Amino acid sequence: MTDEESATPHWLFGDQLGPHFADPARGGPHRDAPLLMIEARSVFRRRRFHRAKAHLILSAMRHRAAELGDRVRYVKADTYREGLRRAVGDGPVTVHHPTSHAARAFVDALPSVRVLPARGFLVAHDEFRKWADDRATKHLRQEDFYRWVRRTHDLLMEGDQPAGGRWNLDHDNRQPPPRGATGLGVPAPYRPRESDIDAEVRSDLDRWARDGDVGFVGEDAPRRFPATRREALAALRRFAEHRLATFGAYEDAILAGDTTMSHSLLSSSLNLGLLDPAECVERAEARWRSGDAPLNSVEGFVRQIAGWREFVWQVYWYFGPEYRESNALGHRGRLPDWFTELSSEGTGANCVGHVLDQVRETGWTHHIPRLMILGSLALQRGWDPRAVTDWFHRSFVDGYDWVMVPNVVGMSQYADGGRMTSKPYTSGGAYIDRMSDLCSPCRYKPSVRVGEDACPFTAGYWNLLHRHRDRFERNARMSQVVRGLDRLTDLDELLEQESRRED
């Protein structure tokens with residue numbers, strides 16, 4: 001590199017905090033390049049973020065700045081534009097590819113900014129684009145992509161075949177929780193200790209809220225998720241050594257008394273850039289090859305990162321910014337206030353109230369409560385998918401635009417009409433009853449669809465099928481269940497009931 005390049009400041013966004021974002025050997029800035037970080041208050045003014053999420057982001061940024069010492073200039077500004085002006089004026093600056101369409105458009109519009117390739121993912125954009133274009137279909141499927149990634153990155157492979165002879169071990173990883181259990185009895189996940197920086201962040205957030213400058217939702221308990229590279233590595237190590245082995249079988253199960261089960265809780269660390277996905281999947285594979293974790297658990301974890309997370313990132317960019325506007329089902333319903341405020345007081349459904357309580361208290365819940373309780377509720381109620389996407393973005397500590405647009409628009413709300421999933425992910429109450437212990441104390445009965453005891457999910461499922469019958473009966477994976485509408489002797493009563501439902 002030239003002297004000019006070594007002197008060009010490099011800008012680190014708040015989700016680019018790991019060493020791989022400042023590594024010249026991996027396409028990063030010169031090792032002597034000064035670094036820049038901007039804490040822009042406007043980010044928190046635009047949305048009512050979960051308080052724990054705001055805390056985690058600011059804590060992670062300020063911890064990273066403290067680690068970098070004199071090499072970094074940390075600017076607290078009202079906007080990114082103001083921060084850049086104060087830090088570098090009109091001078092040149094480099095930055096790795098941002099993680100949202102809005103941020104990318106912003107840096108592209110600045111003539112002094114040079115954008116470096118994206119980091120923090122396994123597959124480059126041009127590689128994915130070639131894979132997707134070569135498929136000559138408007139539908140992209142995660143399973144096909146996942147197998148391609150496994151092959152090209154030699155993940156869980158034995159020669160040219162998948163380890164164990166099967167690509168997909170979902171059948172082994174969808175067990176209901178152990179009967180009568182209140183928890184899995186596994187070691188608890190890693191919990192960080194707060195520092196003086198956390199106290200400073202909490203004081204600032206208190207002041208902003210008190211002054212009416214910024215509003216939040218949810219609670220800011222002691223920080224639960226890693227804010228530094230060291231903490232993130234400790235969390236990864238604890239998961240791999242003490243929790244990975246029991247992860248697979250019950251990864252879709254829900255227990256009221258064990259909210260984390262055997263999940264890794266690494267999503268926020270990955271999405272802040274504190275961990276690189278390669279080191280996570282390689283650590284998991286090593287545990288299988290050493291005989292310390294079963295293949296079904298390791299494959300399930302690798303699928304989440306090398307399969308789904310990677311697929312969601314790529315789809316976000318491949319489909320473009322207009323994808324977020326997708327609304328194939330024409331849903332326009334308004335999210336009720338109790339839902340946006342994370343208040344379980346607004347619903348009589350125990351499963352919904354339980355999950356909302358967890359989100360309010362922690363800013364996190366695992367993928368099945370997100371998809372099959374919160375997302376399924378929104379889909380069945382016909383809420384506006386763009387508003388649902390924004391809610392998930394704001395309410396979860398690991399929620400970012402690139403994460404939530406495909407996950408909610410494409411998978412959860414089926415608003416893209418099937419461009420990335422083959423059917424809507426929703427169910428009646430029987431699924432929740434089978435996969436959790438949340439139904440037995442509920443006032444509603446999962447087997448009842450009409451009357452005072454009717455489960456909102458059971459009735460809501462049939463109501464959704466009826467509302468979109470013309471579309472769903474043309475779907476090979478939905479046609480058989482749609483024909484079940486013809487066997488419902490109480491369909492008219494059910495539809496009238498659901499038109500009046502408020503929870």
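Quantities reported herein were computed from a predicted structural model and do not represent experimental measurements.
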Practice problem: Test R73 against V88 for side-chain contact (heavy atoms from CB on, under 4.5 Å), laying out the working first. | Solution: CA-CA 10 Å; R73 179 172 182 186; V88 299; over 6 Å; no
Quiz item: Taking the side chain from R223 and the backbone from L56, do they hold a donor-acceptor pair closer than 3.5 Å?
Solution: no
Practice problem: Measure the shortest side-chain to side-chain distance between V201 and L205 over non-hydrogen atoms and say whether it is less than 4.5 angstrom. | Solution: yes
Practice problem: Go through the steps to decide whether D252 and H367 satisfy the test side chain to side chain donor-acceptor pair (under 3.5 Å), and finish with yes or no. | Solution: CA-CA 8 Å; D252 284 3; H367 64 284; 2.9 Å; yes
Quiz prompt | Pairing residues for P336 by the side-chain contact (heavy atoms from CB on, under 4.5 Å) criterion, not counting sequence neighbours | solution = W338, F339, W383
Exercise. Mind running side-chain contact (heavy atoms from CB on, under 4.5 Å) on D78 and R45 for me, showing each step along the way?
Key: CA-CA 10 Å; D78 194 60; R45 290 198 187 104; 2.4 Å; yes
Quiz item: Any idea which heavy atoms bring L295 and A163 closest together, and the distance?
Solution: CD2-O, 3.4 Å
Exercise. Would you indicate whether the side-chain heavy atoms of V403 and F396 approach each other to under 4.5 Å?
Key: no
Quiz item: To the nearest 0.5 Å, what is the distance between CD1 (I368) and CD1 (I254)?
Solution: 7.0 Å
Exercise. Report the distance from atom CG of D401 to atom CG of D390, rounding to the nearest 0.5 Å.
Key: 9.0 Å
Quiz item: CG/L17 to CG/L274 distance, rounded to the nearest 0.5 angstrom?
Solution: 5.5 Å
Exercise. Determine whether W364 and R224 make a side-chain contact, defined as any pair of heavy atoms from C-beta on separated by less than 4.5 Å.
Key: no
Quiz item: For E282, what residues pass the side-chain contact (heavy atoms from CB on, under 4.5 Å) criterion, not counting sequence neighbours?
Solution: A278
Quiz item: Within a radius of less than 6.0 Å around CG of D196, do more than 12 heavy atoms belonging to other residues, nucleotides or ligands occur?
Solution: no
Practice problem: Would you mind reporting whether V95 and Q16 have side-chain heavy atoms less than 4.5 Å apart? | Solution: yes
Self-check item: Taking every non-hydrogen atom, the tightest pair across Q380 and T426
Solution: NE2-OG1, 3.0 Å
Quiz item: Judged by atom type as modelled, is there a donor-acceptor pair below 3.5 Å linking the side chain of H263 to the main-chain atoms of T365?
Solution: no
Quiz item: Do F145 and L140 touch side chain to side chain, with heavy atoms closer than 4.5 Å?
Solution: no
Quiz item: Is a donor on one side and an acceptor on the other found under 3.5 Å between the side chain of N173 and the backbone of N296?
Solution: yes
Quiz item: Which residues pass the salt bridge (charged side-chain N to carboxylate O under 4.0 Å, His left out) test with R26, sequence neighbours left out?
Solution: D276
Self-check item: Residues, nucleotides or ligands: over 12 heavy atoms within 6.0 Å of D90 CG
Solution: no
Quiz item: Do you know the tightest heavy-atom contact between R243 and T260?
Solution: NH2-O, 3.6 Å
Quiz item: Between the side chain of Q314 and the main-chain N/O of E310, is any donor-acceptor distance below 3.5 Å?
Solution: no
Quiz item: Is any side-chain N of the basic residue among D398 and R309 closer than 4.0 Å to the acidic one's carboxylate O?
Solution: no
Quiz item: Does the cation-pi check pass for K130 over F128, that is, NZ or CZ under 6.0 Å from the six-membered ring centre and within 45° of its axis?
Solution: no
Practice problem: Would you indicate whether R289, at its atom CZ, is surrounded by more than 12 heavy atoms from other residues, nucleotides or ligands within a distance under 6.0 Å? | Solution: yes
Quiz item: Would you call D206 and R210 a salt bridge, taking side-chain N to carboxylate O under 4.0 Å as the test?
Solution: no
Quiz item: Do T347 side-chain atoms and S344 backbone N/O form a donor-acceptor pair below 3.5 Å?
Solution: no
Practice problem: Considering non-hydrogen atoms only, spot the tightest contact between P24 and P29 and give its length. | Solution: CB-O, 3.2 Å
Quiz item: Where the side chain of H30 meets the backbone of T8, is there a donor-acceptor pair that is under 3.5 Å apart?
Solution: no
Self-check item: Chi angles and distances behind the side-chain contact (heavy atoms from CB on, under 4.5 Å) call for T152, L122
Solution: CA-CA 10 Å; T152 56; L122 297 171; over 6 Å; no
Quiz item: Okay, side chain of D23, backbone of P19: is any donor-acceptor separation there less than 3.5 Å?
Solution: no
Exercise. Mind running side chain to side chain donor-acceptor pair (under 3.5 Å) on H331 and H468 for me, showing each step along the way?
Key: CA-CA 11 Å; H331 287 175; H468 299 292; 2.8 Å; yes
Quiz item: Got a sec, which residues hit salt bridge (charged side-chain N to carboxylate O under 4.0 Å, His left out) with E82, two or more places apart in sequence or on another chain?
Solution: R86
Quiz prompt | Qualifying residues under salt bridge (charged side-chain N to carboxylate O under 4.0 Å, His left out), relative to E279, sequence neighbours excluded | solution = R229
Exercise. Quick one: pull up CZ in R71 and CG in L36 and give me the separation to the nearest 0.5 Å.
Key: 12.0 Å
Quiz prompt | Quiz item: cation-pi between K53 and Y400, 6.0 Å / 45° | solution = yes
Self-check item: 4.5 Å side-chain heavy-atom contact, R202 and E194
Solution: yes
Quiz item: Charged N to carboxylate O under 4.0 angstrom, R303 versus E251?
Solution: no
Exercise. Please check if the side chain of E361 supplies one atom and the backbone of E219 the other of a donor-acceptor pair under 3.5 Å.
Key: no
Self-check item: Rounded distance [0.5 Å steps], OH in Y318 versus NE2 in H125
Solution: 13.5 Å
Exercise. Give a yes or no answer on whether the side chain of T389 reaches the backbone of P385 with a donor-acceptor pair at less than 3.5 Å.
Key: yes
Quiz item: Looking only at heavy atoms, what is the nearest atom pair of P162 and R150, with distance?
Solution: CB-NH2, 3.5 Å
Quiz item: Is R238 atom CZ crowded by more than 12 heavy atoms from other residues, nucleotides or ligands, each under 6.0 Å away?
Solution: yes
Quiz item: According to the interplanar angle, ranging from 0 to 90°, do the rings of W317 and W313 count as parallel (below 30°), tilted (30 to 60°) or perpendicular (above 60°)?
Solution: perpendicular
Quiz item: Between D204 and R207, is there a salt bridge with N-O shorter than 4.0 Å?
Solution: yes
Exercise. Could you tell me how the ring of W131 sits relative to the ring of F311: parallel (under 30°), tilted (30 to 60°) or perpendicular (over 60°)?
Key: perpendicular
Quiz item: Checking R51 against F216: charged group under 6.0 Å from the ring centre and within 45 degrees of the axis?
Solution: yes
Quiz item: Taking only residues two or more places apart in sequence or in another chain, which ones pass salt bridge (charged side-chain N to carboxylate O under 4.0 Å, His left out) with R147?
Solution: E143
Self-check item: side-chain contact (heavy atoms from CB on, under 4.5 Å) between V107 and F13, intermediate numbers included
Solution: CA-CA 11 Å; V107 298; F13 271 103; 4.2 Å; yes
Quiz item: When rounded to the nearest 0.5 angstrom, what distance separates CZ in F247 from OG in S264?
Solution: 6.5 Å
Quiz item: Between the side chains of H10 and T94, is a donor N or O closer than 3.5 angstrom to an acceptor N or O?
Solution: yes
Quiz item: Is a side-chain donor or acceptor of Y146 paired with a backbone partner of V302 at a separation under 3.5 angstrom?
Solution: no
Quiz prompt | salt bridge (Lys or Arg N to Asp or Glu O under 4.0 Å) between E67 and R230, intermediate numbers included | solution = CA-CA 11 Å; E67 292 168 354; R230 183 177 180 180; over 6 Å; no
Exercise. Compare every heavy atom of S422 with every heavy atom of Y414, then report the nearest pair and how far apart it is.
Key: OH-O, 4.0 Å
Quiz item: Do Y316 and H101 have ring centroids that are under 6.0 Å from one another?
Solution: yes
